[in-house]
S.K.: 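There's a structure below that I have some questions on.
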Amino acid sequence: MVNTQNKLLLIDGSSVAFRAFFALYNQIDRFRAPSGLHTNAIYGFHLMLQNVMQRISPTHVLVAFDAGKTTFRTEMFSDYKGGRAKTPEEFREQMPFIKDMIDKLGLAHYDLDNYEADDIIGTLDKMAESEEWTVTIVTGDKDMIQLADSNTTVEISKKGVVEFEAFTPDYLMAKMGLTPDQFIDLKAMMGDNSDNYPGITKVGEKTALKLLAEYGHLDGLYANVDEMKQSKLKENIIADKDKAYLARALATINTQAPIQINLSDLAYHGPKKEELLKFYGEMEFNVFKKQLIEGKVGASPKRDEVKYTDFSISDPEISTKEIEVNFEEVNENPEIQPDDFFYIEILNENYHRENIAVFAWGNVKKQYVSKNIELLKHFKFPQNTYDFKKNRVLLSRLGIKLPLVGFDSMLAKYLVSTTEDNKISTIAQLYAKKHLVSDDEIYGKGVKRALPFDEELFPHLARKIKILTETKESIISALKENSQYQLLTEMELPLAEVLAKMEIAGIKVKAQTLHEIGNENELKLSNLTREIYDLAGTDFNINSPKQLGEILFDKLELAHGKKTKTGYSTAVDVLEGLASEHTIVAKILEYRQINKVQSTYVQGLIPQIAEDGKIHTRYVQDLTQTGRLSSVDPNLQNIPIRLEEGRKIRKAFVSSEGSVLLSSDYSQVELRVLAHISKDPNLIEAFKNDEDVHTATAMRVFDIANAEDVTANDRRSAKAVNFGISYGETEYGLARRLGIPNKEAGQIIRTYFARYPEIANYIETTKREAKNTGYVSTMFNRRRKLPDINARHFSVRQAAERQAINAPIQGSAGDILKVAMINLDRALESEGLESKILLQVHDEIILDVPLKELEVVKKLVRLTMEKAVKLVVPLKVEENTGLTWFEAK
DNA sequence: GTAATCACG
DNA sequence: ACGTACGTGATTACT
């Protein structure tokens, strides 16, 4: 027998099962067998097995499990693994089925009283080693790294159930500068929180690594500890010697466990097909079942040609099979079919600054790649893209206009589901059940990011083209099934064109103005800093919440409010409550305010001004859960306005020569949407009569007959209620915000619902809908899925309920502005106007308008926004103009 | 990389 | 008994 061919796979079943359970925990309600059994861990375990079996192709396999609660380690340290949360019942019930499944897959499993899975694996690893077998260990537990050696690779699960980090001695040395046995000493010094044993006080990973670099091992440390210079660290090391050695004993894997199995018992001979089919049926693993039936599973693999085709073909979720491509590099005369996909690659995200690296087009059968930019000048662009806006901007920078397409995979996928991101690799996984190598793997991360050789680069692009083509029909079916096809073609795609124009236009920003504000701020900050140090009696970093907390609550002994995970909270609402206690507090609040303006808006924006004197933001069109846009690099949707100090920043945003900025915003758009969706007669009436909605609410809720009798405080309370309602606010929340007793807040909310009965009804109906279907929709069929809506955890479920209430309101309002933008852009075009849309801030549009067009455009914008959709209440628009954004508000 | 904080609608 | 309003992005500290 030629033993060098033997490959042993050892799996830490307990840790992998636990991993699998939590990896799919957010979808736990979707993984249920007809019997009611949860199956997420079973399913995840299966995925993991398929992946590893296919990658490793072992000849022998064992899945080891922890036995019971107590082990020999408990005898050494009674609190071993104490304080751990109880394993959830939903997990525990799945364990026997996982073992059953392993049997049916033809794999061995084993557990041993008094020992952990680690020890079984360690023992078998050593046995296999003496026979010179190759060993792979798969686990979620980093402790196992100590077993890595020239024959043994330890794979630690990284993310999900199929992403692992493979530790060999070389890799461990490169990554942490440690040998496998030093890794044990690392644990000895650090201790292990999850297993509930301490190491040396105040020694974490950083310190432990330093000590190991200096002293080699734990023994080396203690042999030389006397020579260390006097320090807290030294005292701790000496005092905690026993703890460190106990920790080492606990962390050391026992490679002499009295196991009753032999290596030969672990030989793999393929699955038990009939039993497995029955099992898949019971679990409702239909895809596994289908693959097994259609697959080539027949006879067990022969000893000398171990291929495990059964595993490689039956992977339903993530196939590790290569995506086969058929591509060529093109430098002239491109062949393009109208229904091909077109894709451009850039190395980093910002397409305003980044240049085209390479582009590709084609279909499932044939893919083409090119680096020849000239080719694009007379390119017959096909009908399908991924991220149209990015493509449009990049080509526009070359003076090329990319015609609008019929389909865009990124936008389409976003509409179908916002739960995941919309990367091509995600699309590959969801719609083709294939694994696409990630961009980070091909291009590297951080400073190492670079284009690889064409041999690696071109196939990567070809794979993307292939995946995009392959998945298009499935995504379209999903869209149509959701009645969302129009949302793609009539809203998101045309909007992408408008956004591209806006981004390209950019807004002029005066660096000079920012510098002036910055200088004033610096002066104020240095004065404040000095005053704060004086009042504190010591210098410290005011920007560090930790240090600030220690000054306020330990040194000055102010009463601390809520706490964060890491210490005292020093957030505004806490500090505001303390302002009367000590003069330092007001100074700190002022410092914070100015520092925020200085760092984020002065120092942050100046470098963002491009050579043309403008800032070109990017609108992210496929991110938010509600359908709103977001703005990045820089974010122009959160430029200060509420506080005067920050509002000044808007003076730096100016119109172009001979123009003004026009800012038009919807008044109370979300409450109007709520009136429309809920059809509440009182809310509708308030808007129809153009009443001040907060005053109207105050009158109804506080039973006030005349508007004149509504006090400022009444209106403030009513405003809080009006806003709170659309967020699903609780009695407690309102009480805190208004600083009134819970009972009083509860009474206000009850009266509100009595006066606005249809709103109470909307909330109930929407929650019901979400619970029944798993999602909620906007007026335009945009969806938000709510996987947590039936969660067992009260707080998780409640959060999902609030999201269910809010998403249709926020989302519909967002949709309305999108429609208005598209219509406005078309109107400006058809009227031949030079005015340009520059920015969008959720309920407002900012334009650059030549003075001669101002009167016309003001009216046009107002009309377009008011008529964007027809609601049962009017939409109201207010506008302001000025030479700077500061004035136009 | 994560947490805390704070800017906006 | 829980834990407390929805949706974002940027900066800083700290590990």
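Letters go in sequence order (proteins before strands), and every chain restarts at 1.
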S.K.: Quick one: A:L674 CG to C:dC6 P, roughly how many Å, whole number?
M.R.: 16 Å

S.K.: Check whether any side-chain N or O of A:S544 sits under 4.0 Å from OP1 or OP2 of C:dC14, and answer yes or no.
M.R.: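 Yes, within the criterion.
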
S.K.: Regarding B:dG9, can its base be found pairing with the side chain of A:R642 as donor and acceptor, where the two atoms are less than 3.5 Å apart?
M.R.: yes

S.K.: Hey, does A:R784 reach any base, or is it just sugar-phosphate, or nothing, if we go heavy atoms under 4.0 Å?
M.R.: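 Here A:R784 touches the backbone only, sparing every base.
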
S.K.: P atom, B:dA4 versus C:dT4: distance in rounded Å?
M.R.: 13 Å

S.K.: Without swapping roles, check the side chain of A:D843 against the backbone of A:Q668 for a donor-acceptor pair under 3.5 Å.
M.R.: no

S.K.: For A:E731 and C:dT4, give me the distance from atom CD to atom P, rounded to whole Å.
M.R.: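 So the CD-P distance, A:E731 to C:dT4, works out to 16 Å.
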
S.K.: Between A:S663 and A:N880, do the side chains contain a donor N or O and an acceptor N or O under 3.5 Å apart?
M.R.: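 Per modelled atom types, A:N880 and A:S663 side chains form no pair under 3.5 Å.
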
S.K.: Which of these nucleotides, B:dG9, B:dT5, C:dT4, is closest to any side-chain atom of A:T730?
M.R.: C:dT4

S.K.: Please determine, for the side chain of A:Y727, which listed nucleotide (B:dA7, C:dG7, C:dC6) has the closest atom?
M.R.: C:dC6

S.K.: Please report the distance, rounded to the nearest Å, between CH2 in A:W885 and C1' in B:dA7.
M.R.: 12 Å

S.K.: Using distance alone, with no hydrogens and no angle criterion, decide if A:E670 and A:Q810 have a side-chain donor and acceptor under 3.5 Å apart.
M.R.: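 Result is no, nothing qualifies.
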
S.K.: Verify the contact: side-chain N or O of A:T624 to OP1 or OP2 of C:dT8, cut-off strictly under 4.0 Å; return yes or no.
M.R.: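 For C:dT8, OP1/OP2 do not have a side-chain N/O of A:T624 under 4.0 Å.
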
S.K.: From B:dT5, C:dC6, C:dA13, pick the nucleotide closest to the side chain of A:N541?
M.R.: C:dA13

S.K.: Are any side-chain N or O atoms of A:T773 and backbone N or O atoms of A:E769, one a donor and one an acceptor, separated by less than 3.5 Å?
M.R.: yes

S.K.: Need one value for A:D633: base, sugar-phosphate or nothing, where a base atom within 4.0 Å counts as base even if backbone is also close, heavy atoms only.
M.R.: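 Answer is sugar-phosphate: A:D633 comes under 4.0 Å of backbone atoms only.
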
S.K.: Kindly say if A:R647 contacts the phosphate of B:dA7, meaning a side-chain N or O under 4.0 Å from OP1 or OP2.
M.R.: no

S.K.: A:I639 near the nucleic acid: base, sugar-phosphate alone, or nothing, with a heavy-atom cut-off under 4.0 Å?
M.R.: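 Answer is sugar-phosphate: A:I639 comes under 4.0 Å of backbone atoms only.
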
S.K.: Output, in order, the C-alpha distance, side-chain angles, deciding distance and verdict of salt bridge (charged side-chain N to carboxylate O under 4.0 Å, His left out) for A:R736 and A:E729.
M.R.: CA-CA 11 Å; A:R736 288 232 16 209; A:E729 186 173 54; over 6 Å; no

S.K.: Can you tell me which nucleotide in C:dG7, B:dA7, C:dT12 comes closest to the side chain of A:T626?
M.R.: C:dG7

S.K.: Round to a whole Å and report the spacing from CD1 of A:I606 to P of C:dT11.
M.R.: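 Result: 12 Å.
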
S.K.: Just how far is it from atom CG of A:L817 to atom NE2 of A:H842, taken to the nearest 0.5 Å?
M.R.: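 The NE2 atom of A:H842 is 10.0 Å from CG of A:L817, to the nearest 0.5 Å.
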
S.K.: Please tell me which of the listed nucleotides, C:dA5, B:dA7, C:dT11, lies nearest to the side chain of A:R802?
M.R.: C:dA5

S.K.: Let's test this: given Watson-Crick or G-U wobble pairing with both distances under 3.5 Å, identify the partner of C:dA1.
M.R.: none

S.K.: Remember a base hit wins even if backbone is also touched, and classify A:V572 as base, sugar-phosphate or nothing at under 4.0 Å, heavy atoms.
M.R.: sugar-phosphate

S.K.: Work out how far the P atom of B:dT5 is from that of C:dA5, and round it to whole angstrom.
M.R.: 16 Å

S.K.: Counting side-chain heavy atoms from C-beta on, which of C:dG7, C:dT12, C:dT4 comes nearest to A:Y732?
M.R.: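 The answer is C:dT4.
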
S.K.: Let's see if you can work this out: which of B:dT5, C:dG7, C:dA10 has an atom nearest to the side-chain heavy atoms of A:A571?
M.R.: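 Taking heavy atoms from C-beta onward, the closest nucleotide is B:dT5.
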
S.K.: Below 4.0 angstrom from OP1 or OP2 of B:dT5, is there any side-chain N or O of A:R592?
M.R.: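 Answer is no, no contact under 4.0 Å.
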
S.K.: Regarding A:G728, tell me which of base, sugar-phosphate or nothing describes its non-hydrogen contacts under 4.0 Å with the strands shown.
M.R.: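 Contact class for A:G728: none.
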
S.K.: Please report the distance, rounded to the nearest Å, between CD in A:E801 and P in C:dC2.
M.R.: 19 Å

S.K.: When all nucleic acid strands are considered with a 4.0 Å heavy-atom cut-off, which category describes A:N638: base, sugar-phosphate, or nothing?
M.R.: base

S.K.: With a 4.0 Å cut-off on heavy atoms, is A:L623 in touch with a base, just the backbone sugar-phosphate, or nothing at all?
M.R.: sugar-phosphate

S.K.: Contact class for A:Q625 (heavy atom, under 4.0 Å): base, sugar-phosphate, or nothing?
M.R.: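 Sugar-phosphate contact only.
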
S.K.: Taking only side-chain nitrogens and oxygens of A:Q593, does any of them come within less than 4.0 Å of OP1 or OP2 of B:dA7?
M.R.: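 Answer no for this pair, as no side-chain N or O of A:Q593 is under 4.0 Å from OP1 or OP2.
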
S.K.: Name the closest nucleotide to the A:P640 side chain, picking from C:dG3, B:dG9, B:dC8.
M.R.: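 For A:P640, the side-chain atoms sit closest to B:dC8.
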
S.K.: Whole-Å distance between C:dG9 P and A:K596 NZ?
M.R.: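 To the nearest whole Å, that distance equals 13 Å.
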
S.K.: How many Å lie between CG on A:L671 and P on C:dC6, as a whole number?
M.R.: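 Distance check: A:L671 CG to C:dC6 P gives 17 Å.
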
S.K.: Within the 4.0 Å heavy-atom criterion, would you say A:I641 contacts the bases, only the backbone, or no part of the nucleic acid?
M.R.: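 The answer is sugar-phosphate, as A:I641 gets under 4.0 Å only of primed atoms, P, OP1 or OP2.
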
S.K.: From the list B:dA7, C:dA13, B:dT5, which nucleotide is the closest neighbour of the side chain of A:N543?
M.R.: C:dA13

S.K.: Do the side chain of A:Q803 and the base of C:dC6 come within less than 3.5 angstrom through a donor-acceptor pair of N or O atoms?
M.R.: no

S.K.: Which nucleotide wins on minimum distance to the side chain of A:N806, given the candidates C:dC6, B:dG9, C:dT12?
M.R.: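 So the nucleotide nearest the side chain must be C:dC6.
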
S.K.: Is the closest side-chain donor-acceptor distance between A:R783 and A:Y775 under 3.5 Å?
M.R.: yes

S.K.: Starting at atom CD of A:E550, determine the distance to atom C1' of C:dA13, rounded to an integer number of angstrom.
M.R.: 13 Å

S.K.: For the residue pair A:F653 and A:W885, categorise the inter-ring angle as parallel (less than 30°), tilted (30 to 60°) or perpendicular (more than 60°).
M.R.: perpendicular

